[in-house]
There are 2 protein chains.
Amino acid sequence: MTSAERRQRERTEMQALIRETAMRLFTSEGVENVSMRRLAEAIEYTPGALYSYYKDKAELLYALHVEGFAKLHALQLTIDPKSPPLARLRRCGETYLQFAFENPQLYELMFISRSIMPIIEEQCAWDQGLRTYDFLRTIVRDCMAAGHLPNGELEGATYAMWSLVHGAASLVLRGRCPVIPEGQGHALVRQAYEFFMRFLESKTTVGPS
Amino acid sequence: MTSAERRQRERTEMQALIRETAMRLFTSEGVENVSMRRLAEAIEYTPGALYSYYKDKAELLYALHVEGFAKLHALQLTIDPKSPPLARLRRCGETYLQFAFENPQLYELMFISRSIMPIIEEQCAWDQGLRTYDFLRTIVRDCMAAGHLPNGELEGATYAMWSLVHGAASLVLRGRCPVIPEGQGHALVRQAYEFFMRFLESKTTVGPS
DNA sequence: GGTCATCGTGAACAGTGTTTAATTATTGAC
DNA sequence: GTCAATAATTAAACACTGTTCACGATGACC
């Protein structure tokens, strides 16, 4: 059995090498500029070899997508669960934006790219995404309970919060910031988020359901 | 000269035919499933012929992008400029979302796709986008003046507003709605936007700069 | 040593955007 | 009407893309 084990180990190691190399190429040359051929060349193999480790390019991207969500969730877990709800909400958005700007290629895969969607729909593999989304929802619920947000429509409120940060990040990542000089998009995003959070913090709603 | 004029007219007519056919194919088969070959086949020409009317695929897409912004701006102009600022802000977001959902392929071109960015950066052709953005900014400014939003940081506030609706729309268009069954994303977006606007409408800030 | 499965290769297929030489069609002048 | 110039269109190619598959090599087990 020791030999079969080694083969298995080498397989997963090879998969890891492929993922790491792909991620490295993505960050240095952009997601859409990395082909299977270039990736194969980078690990000094033939393109065909890749397909015995990942059935698809989509499946490889999906694997990175999963790693990305793990990374994002780890970032979420740095938020002190004992801090006040509104402070947690603020930090939650901040970590999200931080993740987006530090890992733009990964962010693209996770929230913008359409290439991995077939796989997600096929095997209903939303677990990764749902976990981070649930994290946000819980915070929003706590904010409602604490009277910082009007009660009711928890799902809508959570989605609004997500929309705000995703919209802000993705517009910058896709270069849709006509107002801002160039590469100054981050500052505008921070300013927008700050504006929104300060508005929230300055109000306190005590509305019933 | 009458002949040269006719030639010119036929040229622009051909360009229009190309754009219309492209738009039709996009809406029926999705942006990324339409190649220059298929487009050429649809207008019963050879692929190469397209390149004497548009130098690039990017330039063709950019032409559609311009048309899209004209359409969006026309929609903005249906908003009554004499209605209260907050009502205008509400309508502004609603028309934006309406546009996104009624023209998903066009929306993709205008706010998500990266293929047209080279052209925009090259000739600094932000006029179209800036006009619709200025429209929003003016409304936000009026809302600040009327005390519905805290004063100061006009740019950040405008961008936050845009981020909210763009984020909400693009997450649905890219299929990132794990919570929602399928094709029900519009309802979630409407719910989120409604939540946000109601929160805004229930508060009135009278803060100084 | 012989058998067998796994792994990697190289070549191919179908598709993409794009260019270019050659061909066709159309125009304007005589 | 004929002929030269000009414009429009084509066919073929180039360099890519993701992907598949028969073949050969390599190592593991008996």
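For the numbers below, each heavy atom of this structure counts, side chains included, while hydrogens, waters and symmetry mates do not. Proteins come first, then strands; the chains are lettered A, B, ... in the order of their sequence lines, and each starts at number 1.
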Checklist line | Flag, side chain of Arg176(A) to backbone of Met110(B), donor-acceptor distance under 3.5 Å | finding: yes
* With distance as the sole test, does Arg37(A) use its side chain to make a donor-acceptor pair with the main-chain N or O of Ser35(A) at under 3.5 Å? -> no
Fill in: side-chain contact (heavy atoms from CB on, under 4.5 Å) between Arg90(A) and Glu194(A), worked out
CA-CA 9 Å; Arg90(A) 173 184 268 276; Glu194(A) 198 58 33; 3.0 Å; yes
- prompt: Which is it for Leu130(A) and Asp127(A) under the side-chain contact (heavy atoms from CB on, under 4.5 Å) test, yes or no, and what are the steps along the way?
  reply: CA-CA 5 Å; Leu130(A) 278 178; Asp127(A) 308 13; 5.5 Å; no
- How would you label the contact of Tyr54(B) with the nucleic acid (heavy atoms, under 4.0 Å): base, sugar-phosphate, or nothing? nothing
Short N/O separations, protein against nucleotides 10-15 of chain C, under 3.5 angstrom:
| residue | atom | partner | partner atom | Å |
| --- | --- | --- | --- | --- |
| dA12(C) | N6 | Arg37(A) | NH2 | 3.4 |

Quiz item: Should Glu102(B) and Lys71(B) count as an ion pair when the cut-off is N to O under 4.0 Å?
Solution: no
| said: Can you tell me if Tyr51(B) touches the phosphate of dT9(D), counting only side-chain N or O atoms and a distance under 4.0 Å to OP1 or OP2? | reply: no
Considering only heavy side-chain atoms of Ser52(A), the closest of dG8(C), dT6(C), dT18(C) is dG8(C)
Walking DNA chain C from its 5' end, the first of Lys55(B) and Glu10(B) to be reached, judged by nearest nucleotide, is Lys55(B)
- request: With the side chain counted from C-beta on, respond yes when Arg38(A) and Glu29(A) share a heavy-atom pair under 4.5 Å apart, and no when they do not.
  value: yes
Verify, without hydrogens or angle tests, whether Tyr107(B) (side chain) and Phe101(B) (backbone) share a donor-acceptor contact under 3.5 angstrom.
-> no
*Show your working on side-chain contact (heavy atoms from CB on, under 4.5 Å) between Arg137(B) and Trp162(B) and close with a plain yes or no.*
CA-CA 10 Å; Arg137(B) 193 199 286 107; Trp162(B) 183 24; over 6 Å; no
Among the nucleotides dC7(C), dG17(C), dT17(D), whichever has the atom closest to the side chain of Arg38(A) is dT17(D)
Note: contacts of residues 11-21 of chain B with DNA chain C (heavy atom, under 4.0 Å) are none
So, with a heavy-atom separation below 4.0 Å from DNA chain C, the residues of residues 107-118 of chain B are none
Only one of Val172(B), Leu173(B), Val31(B) passes side-chain contact (heavy atoms from CB on, under 4.5 Å) with Pro104(B), and that residue is Leu173(B)
Student check: side-chain heavy atoms of Ser115(A) and Lys57(A) closer than 4.5 Å
no
Exercise. Determine, stepwise, if the pair Ile43(B) / Met14(B) fulfils side-chain contact (heavy atoms from CB on, under 4.5 Å).
Key: CA-CA 10 Å; Ile43(B) 61 171; Met14(B) 181 69 163; 4.2 Å; yes
